[in-house]
Amino acid sequence: KPENASNKDVVWSSSNEAIATVDQEGNVETFNPGTCSIWVVSSDNNLKAECKVTVIERPIEDLIRASVYGSSTSINGDVTAAFYNNSNKVVEVSEFTMYDTRTNKVVYQDKDCGFVEYKKPLLYNLEFSRIYKPLFVWKYTCDGKTYEATYQM
């Protein structure tokens, strides 16, 4: 732009590609928290523009996913309970508990479960019968704070 520009060839660049990159169409992709500049320069170097980009870190709760999959009904099942860490931080799972929601009793529990890294989920293969709508609860810590992730069938 503008439409009557004699030179429409531009080159895009990022001041820190560990934070954000830009393709030659001007589309920006972010990777890590921090601040960088996105530059566009005309091929003849007559025109330049800068856009400062600040990438904020997503809360750990947004990057943790708990799920259960397998074969089950509301009272019987053969399932895998999975805790996924989609962050670049190591998360420590201190407790995993499965409850019967009718009686609110603990059906299964494991403590000091271990550390969970990116792409290395914590998995529990569980079989149960006569448990009403099980509730699965993972307690975990990250950066000194304690969190909880739940999944209910």
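In what follows, every heavy atom counts, from backbone to side chain, and hydrogens, waters and symmetry copies are set aside.
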Indicate every side-chain donor-acceptor pair of residues 114-140 with a distance under 3.5 Å to a residue at least two apart or in another chain.
{"residue": "Y124", "atom": "OH", "partner": "D110", "partner atom": "OD2", "Å": "2.5"}
{"residue": "N125", "atom": "OD1", "partner": "T80", "partner atom": "OG1", "Å": "2.7"}

Salt bridge (charged side-chain N to carboxylate O under 4.0 Å, His left out) pairs, two or more places apart, involving [range]:
range: residues 61-83; result: none
range: residues 14-35; result: none
range: residues 45-54; result: E50-K52

Quiz item: Taking only residues two or more places apart in sequence, or in another chain, which ones meet S13 in a side chain to side chain donor-acceptor pair (under 3.5 Å)?
Solution: none
Self-check item: Residue list, side chain to side chain donor-acceptor pair (under 3.5 Å) with S14, at least two apart or on another chain
Solution: none
Quiz item: Side chain of S87, backbone of I60: donor and acceptor closer than 3.5 Å?
Solution: no
Same apolar cluster (I L V M F W Y, side chains within < 4.5 Å links), [X]/[Y]:
X: V107; Y: M153; answer: yes
X: Y151; Y: Y84; answer: no
X: V91; Y: F96; answer: yes

With sequence neighbours excluded, tell me which residues meet side-chain contact (heavy atoms from CB on, under 4.5 Å) with [X].
X: N88; result: N32
X: V22; result: W12, V28, I38
X: T103; result: D100, K105
X: T35; result: T54

Quiz item: Please walk me through it: do Y147 and T141 pass side chain to side chain contact (heavy atoms under 4.5 Å, CB included)?
Solution: CA-CA 6 Å; Y147 305 89; T141 58; 6.0 Å; no
Self-check item: K89: salt bridge (Lys or Arg N to Asp or Glu O under 4.0 Å) partners, not counting sequence neighbours
Solution: E57, D143
Practice problem: Provide the closest heavy-atom pair for F83 versus A149 in the form atom of the first, atom of the second, distance. | Solution: CE1-CB, 4.3 Å
Quiz prompt | Contact summary for A20 and F31, nearest pair of heavy atoms | solution = CA-CD1, 4.2 Å
Quiz prompt | C113 side, atom SG; E95 side, atom CD - distance, nearest 0.5 Å | solution = 7.5 Å
Quiz item: Who else is in the cluster with V11 when I, L, V, M, F, W and Y are joined by side-chain contacts under 4.5 Å?
Solution: none
Quiz item: Does any donor atom in the side chain of T150 or E148 lie under 3.5 Å from an acceptor atom in the other side chain?
Solution: no
Quiz prompt | Passing option when C36 is tested against T30, I19, T21 for side chain to side chain contact (heavy atoms under 4.5 Å, CB included) | solution = I19
Quiz item: Between N85 and I64, does a side chain to side chain contact (heavy atoms under 4.5 Å, CB included) hold up when you go through it step by step?
Solution: CA-CA 5 Å; N85 175 5; I64 297 298; 3.9 Å; yes
